[in-house]
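Single-structure report; data block below.
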Amino acid sequence: MGKRGPTAWAVCAVMAAALFWSSSYAVTKQVLEDVGPLSIGAIRFTLAALLLGVTVRLSRHRPARPGPRQRRQLYLSGFLGITVYFILENVGVDLSTASDASLIVATYPLMTMLVELVVFRTRMPLPRVTGVLLATVGAFLVVRNGAEVGGSSRWLGDILLLLGGLAWAGYNVLGKRASAGQDAASVTYYQTLAGAAGFLLASLLEADDWRMPGATASSLLVYLAVACSVGGFLLYNYGLRRMASSVAVNILNLVPVFGVIGAVVINGESIRLAQVTGGVIIIVGVALGMIERGQEATAHPGGRGSEPSGTATARTAAEAGPVPDEPEAAVPTARGVIDGAR
């Protein structure tokens, strides 16, 4: 029998997830006018944890509760991938621009490849090495443009966004080990619970500046929690179960494109040639880094049961927790892309 391609609904679901995650940068930039970066994370992920908790409780096929050791690992990965990552992201977006964030986050999959190379001693084929080098050049162009246009503040924001990539890479590696035997919703719930707790503590640093956000900021906070932190993840997981992981990840390469469009439309940011050039180079680098995965997906339809030892896949990432926008933005793993849950 011939191989069946992904259904139109599955493709639309992944594209919708990419759109939600990419929009989080521009939306966060808007909310930062009324709410501090730490308070945004506290509100967003507390709401997300409540929604996920209800989802898990209502599930008919809920797995057994993880043991104490596994829960500790899930909580630690959630703290790293949500609290640490999104603090760096929110502060980075506050200092920089939503368009810079969208482009820099496209390098996260390749950062995770490098972390896995160190942790798991995975091999790096030539196309992947070339992709890493190209993405590095692209990120350099974006950061240099930020320094030239926005000075030291925007440059620092871009650097914090790059450091966020390292935190997200560590989250994926740890989350892969901690998610055994659990479904995606349960893993995401435990990780989001820990991330929300970390943000609630961190947000106390902004207690002197707390005030009731306006109607617009409040609605955008709900959007971040419902659409980006919960909806995007569920849509992506729905699509991922109905297509090869390589196909899903290729669709997620739309995240930086959507993100830049959102920065222009929502925030009115202007885009310079250096940003466009850097973004194109980053996307080419990410595409090169996925060449081998695409070949494996062809050999093993559906992308299942064919991952080499020690290599995180897009499916593992989906089961390991929420997406940092959001690459939240996408789901950055060695063979996949994001978040910003978020």
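No experiment lies behind these values; they were computed from the predicted model shown.
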Tell me if a side-chain donor or acceptor on Lys29 pairs with a main-chain N or O of Val93 at a distance below 3.5 Å.
yes
Thr216 and Ser219 have their tightest heavy-atom pair at O-OG, 2.7 Å
Quiz item: For the residue pair Tyr190 and Tyr75, does the interplanar ring angle fall in the parallel (under 30°), tilted (30 to 60°) or perpendicular (over 60°) class?
Solution: perpendicular
Under a side-chain separation threshold of 4.5 Å, the hydrophobic residues clustered together with Leu174 are Leu76
Quiz item: So, the side chain of Trp21 versus the backbone of Cys228: is there a donor-acceptor pair under 3.5 Å, distance only?
Solution: yes
Of all heavy-atom pairs linking Pro213 and Val35, the shortest is CB-CG2, 3.8 Å
*Please walk me through it: do Leu80 and Tyr85 pass side-chain contact (heavy atoms from CB on, under 4.5 Å)?*
CA-CA 6 Å; Leu80 180 64; Tyr85 168 76; over 6 Å; no
Apart from Leu58 itself, its cluster of hydrophobic side chains linked below 4.5 Å comprises Val54
message = Side-chain heavy atoms nearer than 4.5 Å, only ILVMFWY residues, links allowed to pass through others: does that put Phe45 and Leu200 together?
response = no
**Request:** I would like to know whether Arg154 and Leu95 meet side-chain contact (heavy atoms from CB on, under 4.5 Å); could you show each step before the answer?
**Result:** CA-CA 5 Å; Arg154 183 165 168 181; Leu95 296 174; over 6 Å; no
| Ile87 and Phe199: side-chain contact (heavy atoms from CB on, under 4.5 Å), yes or no, with the steps? | CA-CA 8 Å; Ile87 284 176; Phe199 256 122; 3.4 Å; yes
* Are side-chain heavy atoms of Leu19 and Met15 found at a separation under 4.5 Å? -> no
Heavy-atom closest pair (Leu32 atom, Asn90 atom, distance to 0.1 Å) is CD1-O, 3.8 Å
* Asked: Given Leu163 and Leu166, is the side-chain contact (heavy atoms from CB on, under 4.5 Å) satisfied, shown in steps?
  -> CA-CA 5 Å; Leu163 290 175; Leu166 293 177; 4.3 Å; yes
For Ala17 and Gly232, the nearest pair of non-hydrogen atoms, with its separation, is CB-O, 3.3 Å
